[in-house]
Amino acid sequence: MINSTYEKGNYVVYGTEGICVIDDITEMSFMAGMEKSRYYVLKPEGSNGSKVYVPAENENLMSKLRPLMTKQELDMLLTGMRDKELEWEKDKRLRTELFHGIMAKGVTESLLLMIRCIYLKKNELENKGRKLPASDGNTLKTAEKLVEEEFACVLGIEKKDVGSYIRRMIGTE
């Protein structure tokens with residue numbers, strides 16, 4: 001299934017890569033003798049020269065590619081999650097799988113709820129003199145980067161101001 005809504009030069013979000021520009025849309029083959037397939041060549045915004053090749057025929061990989069949200073979509077997302085929460089999964093393996101699945105989908109209500117869930121657990125543990133497990137801390141950092149990157153780009157604000165914008169929109173500031 002080829003999505004023709006994407007064009008060269010468009011800014012998109014691709015999974016945990018974050019914001020990327022579509023550097024090229026090309027026909028290519030990675031193996032001699034194989035039929036050429038259509039690929040989206042993505043250049044992640046924060047990288048120096050790295051590229052991501054997304055085969056247009058691969059529905060699983062294409063499902064990780066989406067356009068940037070609009071300000072209206074971001075605001076609707078935030079106001080819609082005011083009274084929702086994600087419960088902490090006690091089983092580390094299940095929690096890791098859950099968090100990985102949420103992050104693979106990009107900035108969604110679930111990602112924002114996951115960040116809030118991890119923050120609450122982090123604060124709870126710190127009040128008991130304990131630390132958040134490193135894997136959860138790394139997940140939090142990656143998730144925050146994705147949110148800050150997209151929100152800052154769409155809203156035209158600094159990454160450092162994204163947190164206060166989110167808190168203001170969900171009514172916790």
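Any value given below was found using the heavy atoms of this structure, including those in side chains, with hydrogens, waters and symmetry copies removed.
Residues Leu112 and Leu77 form a side-chain contact, since some pair of their non-hydrogen atoms from C-beta on lies under 4.5 Å apart. Between Lys131 and Lys122 the shortest side-chain heavy-atom distance does not fall below 4.5 Å. When side chains are defined from C-beta on, Val147 counts as touching Val162, because their heavy atoms get closer than 4.5 Å. Residues Ser110 and Leu86 fail the side-chain proximity criterion, which asks for heavy atoms closer than 4.5 Å. Using a 4.5 Å cut-off on side-chain heavy atoms (C-beta onward), Tyr119 and Met114 make no contact. Between Tyr14 and Leu61 there is a side-chain heavy-atom pair separated by less than 4.5 Å. Looking only at side-chain heavy atoms (C-beta outward), Val54 and Tyr39 stay at 4.5 Å or farther from each other. Counting heavy atoms from C-beta on, the side chains of Leu42 and Leu65 come closer than 4.5 Å.
The salt bridge (charged side-chain N to carboxylate O under 4.0 Å, His left out) check on Arg93 picks up Glu97, with sequence neighbours excluded. For the side chain to side chain contact (heavy atoms under 4.5 Å, CB included) test, no residue two or more places apart in sequence or in another chain qualifies with Glu35. Remark: Asp24 pairs with no residue by the salt bridge (charged side-chain N to carboxylate O under 4.0 Å, His left out) rule, at least two apart or across chains. Applying the salt bridge (charged side-chain N to carboxylate O under 4.0 Å, His left out) criterion to Glu17, with sequence neighbours excluded, gives no partner residue. For Glu27, the side chain to side chain contact (heavy atoms under 4.5 Å, CB included) test picks out Lys36, Arg38, with sequence neighbours left out. Under the side-chain hydrogen bond (donor to acceptor under 3.5 Å, both in side chains) criterion, Glu89 pairs with no residue, sequence neighbours left out. Every residue was checked against the salt bridge (charged side-chain N to carboxylate O under 4.0 Å, His left out) condition with Glu148, not counting sequence neighbours, and none meets it. Applying the side chain to side chain contact (heavy atoms under 4.5 Å, CB included) test to Thr96 and every residue at least two apart in sequence or in another chain returns Lys92.
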For the pair Met62 and Tyr6, evaluate side chain to side chain contact (heavy atoms under 4.5 Å, CB included) and give the outcome as yes or no after the intermediate values.
-> CA-CA 11 Å; Met62 285 299 294; Tyr6 299 119; 4.3 Å; yes
Under the side chain to side chain contact (heavy atoms under 4.5 Å, CB included) criterion, do Gln72 and Met69 qualify, and how do the steps go?
-> CA-CA 8 Å; Gln72 181 181 4; Met69 284 191 271; over 6 Å; no
Check the pair Lys8, Asp23 against salt bridge (charged side-chain N to carboxylate O under 4.0 Å, His left out), reporting the backbone distance first and the verdict last.
-> CA-CA 6 Å; Lys8 186 175 176 177; Asp23 196 45; over 6 Å; no
Ile22 vs Val41, side chain to side chain contact (heavy atoms under 4.5 Å, CB included): CA-CA, chis, key distance, verdict = CA-CA 6 Å; Ile22 298 178; Val41 183; over 6 Å; no
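At most 12 heavy atoms of other shown residues, nucleotides or ligands fall within 6.0 angstrom of atom CG in Asp83. The local environment of CE in Met76 is sparse, with at most 12 non-hydrogen atoms from other residues, nucleotides or ligands closer than 6.0 Å.
Minimum heavy-atom separation, Cys20 to Pro44: SG-CA, 3.7 Å. Taking every heavy atom of both residues into account, Ala143 and Ile115 meet most closely at CB-CG1, 3.6 Å.
In this structure, Glu149 contributes its side chain and Ile19 its backbone to a donor-acceptor pair below 3.5 Å. Asn10 places a side-chain N or O within 3.5 Å of a backbone atom of Glu7 that can act as its donor or acceptor partner. The main-chain N or O of Met34 is found under 3.5 Å from a side-chain atom of Ser29 such that the two form a donor-acceptor pair. Glu150 contributes no side-chain N or O that, together with a main-chain N or O of Leu68, makes up a donor-acceptor pair within less than 3.5 Å.
Here the NZ-CE distance, from Lys64 to Met103, works out to 11.0 Å after rounding to the nearest 0.5 Å. Distance CD/Glu45 to SG/Cys153: 7.0 Å, rounded to 0.5 Å. The structure places CE of Met169 at 9.0 Å from CG of Leu155, a figure rounded to the nearest 0.5 Å. Rounded to the nearest 0.5 angstrom, Phe99 CZ and Leu111 CG are separated by 10.5 Å. Distance check, rounded to the nearest 0.5 Å: OG1 of Thr142 to CG of Leu146 gives 7.0 Å. From Thr16, atom OG1 reaches atom NZ of Lys145 across 7.5 Å, with rounding to the nearest 0.5 Å.
Ion pairing between a basic and an acidic side chain is recognised when a charged N comes within 4.0 Å of a carboxylate O; Glu109 and Lys84 show such pairing. Salt-bridge formation is not detected for the pair Glu126/Lys121: no Lys NZ or Arg NE/NH1/NH2 atom is positioned less than 4.0 Å from an Asp or Glu carboxylate oxygen.
Note on residues 53-73: pairs passing ring-ring contact (aromatic ring centres under 6.0 Å, His included), not counting sequence neighbours, are Phe30-Tyr53. Residue pairs meeting the salt bridge (charged side-chain N to carboxylate O under 4.0 Å, His left out) criterion with at least one partner in residues 68-78, sequence neighbours excluded, are Lys71-Asp75. A salt bridge (charged side-chain N to carboxylate O under 4.0 Å, His left out) check over residues 156-166, counting only residues at least two apart or in different chains, returns nothing.
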All N/O donor-acceptor pairs, side-chain side in residues 132-141, below 3.5 Å, sequence neighbours left out:
residue : atom : partner : partner atom : Å
Asp136  : OD1  : Arg95   : NE           : 3.1
Asp136  : OD2  : Arg95   : NE           : 3.2
Asp136  : OD2  : Arg95   : NH2          : 2.9
Asn138  : ND2  : Ala134  : O            : 3.4
Thr139  : OG1  : Ser135  : O            : 2.9

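Ile102 and Leu120 fall into different hydrophobic clusters, where Ile, Leu, Val, Met, Phe, Trp and Tyr are joined by side-chain heavy atoms under 4.5 Å apart, directly or via other members.
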